Amino acid sequence: MYTAHPDRYAEMPYRRTGRSGLKLPALSLGLWHNFGPDRPVETQRAILRRAFDLGVTHFDLANNYGPPPGSAESALGDALRADFAAYRDELVISTKAGYLMWPGPYGEWGSRKYLLSSLDQSLSRMGLEYVDIFYSHRPDPDTPLEETMGALHTAVQQGKALYVGVSNYSPEQTREAARILAELGTPLLIHQPRYSMLDRRPETGGLLDTLDELKVGSIAYSPLEQGLLTGRYLDGIPEDSRAASDSPFLDSDAVTEELVGKLRSLHEIAGSRGQSLAQMALAWVLRQGRVTSALVGASSPRQLEDSVAAVGNLDFDADELARIDKIVKG
């Protein structure tokens, strides 16, 4: 039987999420592509146990994570029953709905019918009575935002979610979502945008400024830019990498000679900080405290340990930030 490490809260920093009382670990575990039936169950459970032992209290999912869709939630449900039943109140578990989950007109986007049906399915797969955070995974251009936010509010009123969030919403959509939710009496807790050293859109597009103004938290996904910032591509494209596969998330054409040169230069800065490129990339996202948490994936406990080590040095001096900007922006 699994017993959590007694010092699991000793090293991980926790950050308050917006104006709420909820604190999230600086690094959260995303159960995206490593928690399907093609992965050994013991490896999945070992990653989750090691995460919790390291103070990673937040497990982030979506209805369609796997593959196949739904399998990540089912895998977590099995692990919760086997290892974490005694620790549920120490965990933050989130899920989302918005992308295609089942066929027909009610299987995706942002209608009330889809969102609440999806949440019921997610809870069933995980064996939970509630999730801590329920997200609208993407805005729906054809459904009134009032309906989508109303469904999130209903989830809280029904006791099936404690907090609500949005993902992939523009600054303007986020502002309107926050207004609607505030009128309903369910505050917008958090936004989950894609954000990394190589993808600055939350900065340049004003999203981080909007979240600061609204006092809404943020949790960055793809902070390692689909593996580009892990150091695996310093010598080109490895045969077993995501870019070398048929993955829709990283095209081999994106790994240009110019990009590899930038990655090598960033790697040198990371080395001078006593960090790997991946650790520096995570620290960069978390710098200045504007981002509440960064989501990391893991294919092994060791990979997770390497990521968590990033929290040992989250500070950058002005020269380091200027050098990184010069490299990335060319």
Side-chain angles (χ1 to χ4, degrees), residues 1-2 4 25 28-53 56-104 106-110 113-138 151-152 155 158-165 167 192 219 221-222 242 245 247-249 295-301 303-304:
M1 177 177 291
Y2 166 68
S28 298
L29 180 63
L31 280 67
W32 182 30
H33 264 230
N34 292 317
F35 287 82
D38 60 333
R39 307 285 178 161
V41 171
E42 267 311 309
T43 300
Q44 297 176 31
R45 288 178 59 187
I47 292 169
L48 292 167
R49 292 192 295 260
R50 189 63 182 134
F52 191 54
D53 283 346
V56 178
T57 55
H58 179 207
F59 300 156
D60 178 79
L61 301 101
N63 57 357
N64 63 333
Y65 286 0
S71 60
E73 291 178 328
S74 296
L76 179 64
D78 292 340
L80 291 175
R81 286 184 287 273
D83 296 325
F84 295 99
Y87 303 106
R88 173 63 182 98
D89 291 337
E90 296 183 48
L91 292 171
V92 174
I93 298 172
S94 61
T95 196
K96 314 175 196 73
Y99 287 93
L100 181 63
M101 191 57 192
W102 61 84
Y106 319 121
E108 63 179 325
W109 294 108
K113 178 172 178 59
Y114 166 67
L115 291 173
L116 295 178
S117 296
S118 178
L119 178 56
D120 284 342
Q121 292 182 19
S122 293
L123 293 174
S124 178
R125 281 189 289 269
M126 292 186 283
L128 294 174
E129 295 181 355
Y130 70 94
V131 291
D132 296 275
I133 307 170
F134 182 47
Y135 288 88
S136 168
H137 206 166
R138 61 173 172 171
L152 298 185
Q158 291 177 340
K160 296 177 181 179
L162 300 185
Y163 301 93
V164 299
S167 182
Q192 187 172 132
I219 179 167
Y221 75 87
S222 292
R242 185 169 291 172
S245 70
S247 170
F249 304 107
L295 279 166
V296 296
S299 58
S300 68
Q303 187 181 44
L304 180 69

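Side-chain atoms are counted along with the backbone in the values below, which use heavy atoms only and exclude waters and symmetry mates. None of these values were measured; they are calculated from a predicted model. In this chain, numbering begins with 1 at the start of the sequence shown.
With sequence neighbours excluded, no residue forms a side-chain hydrogen bond (donor to acceptor under 3.5 Å, both in side chains) with Tyr163. For Pro67, the side-chain contact (heavy atoms from CB on, under 4.5 Å) criterion is met by no residue, not counting sequence neighbours. Legend: residues meeting salt bridge (Lys or Arg N to Asp or Glu O under 4.0 Å) with Arg50, ordered by chain and number and at least two apart, are Glu305. Residues meeting the side-chain contact (heavy atoms from CB on, under 4.5 Å) test with Leu91, sequence neighbours left out: Phe52, Phe59, Leu80, Phe84, Arg88, Ile93.
Note that CG of Leu29 and OG1 of Thr57 are 11.0 Å apart. Values are rounded to the nearest 0.5 Å. For the atom pair CG (Asn63) and CG (Leu100), the distance works out to 9.0 Å, reported to the nearest 0.5 Å. Between atom CD of residue Glu108 and atom CG of residue Asn64 there is a gap of 10.5 Å, rounded to the nearest 0.5 Å. Taking CG of Leu61 as the start and CG of Leu31 as the end, the distance is 4.5 Å to the nearest 0.5 Å. One finds the NE2 atom of His137 at 6.5 Å from the CD atom of Gln192 (value rounded to the nearest 0.5 Å). Atom CE of Met101 is separated from atom NZ of Lys96 by 12.5 Å, given to the nearest 0.5 angstrom.
What you find for Ser94 and Asp60 is that their closest heavy atoms are OG-OD1, 2.7 Å. Ala298 approaches Leu304 most closely through the heavy-atom pair CB-CB, 3.9 Å. For the residue pair Ser28 and His58, the shortest heavy atom distance occurs at OG-ND1, 3.0 Å. For the pair Pro68 and Ser71, the tightest heavy-atom approach, listed with the atom from each and the gap, is O-OG, 2.7 Å. When all heavy atoms are compared, the tightest approach of Ala79 to Arg45 is CB-CG, 4.2 Å.
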Would you tabulate the side-chain donor-acceptor contacts of residues 119-127 under 3.5 Å, counting partners in other chains and residues two or more places apart, or write 'none'?
from: Asp120; atom 1: OD1; to: Lys160; atom 2: NZ; distance (Å): 2.7
from: Ser122; atom 1: OG; to: Glu73; atom 2: OE1; distance (Å): 3.2
from: Ser122; atom 1: OG; to: Glu73; atom 2: OE2; distance (Å): 2.8
from: Ser122; atom 1: OG; to: Ser118; atom 2: O; distance (Å): 3.2
from: Arg125; atom 1: NE; to: Glu73; atom 2: OE1; distance (Å): 2.8
from: Arg125; atom 1: NH2; to: Glu73; atom 2: OE1; distance (Å): 2.8

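In this pair, Trp32 and Tyr65 present their aromatic rings tilted. The plane angle is within the 30 to 60° band.
Counting heavy atoms from C-beta outward, Asp83 and Leu48 have side chains that stay 4.5 Å or more apart.
Without hydrogens or angle criteria, Arg39 side chain to Asn34 main chain gives no donor-acceptor distance under 3.5 Å.
Counting only residues at least two apart or in different chains, ring pair (Phe, Tyr, Trp, His ring centres under 6.0 Å) contacts with residues 113-135 comprise Trp102-Tyr114.
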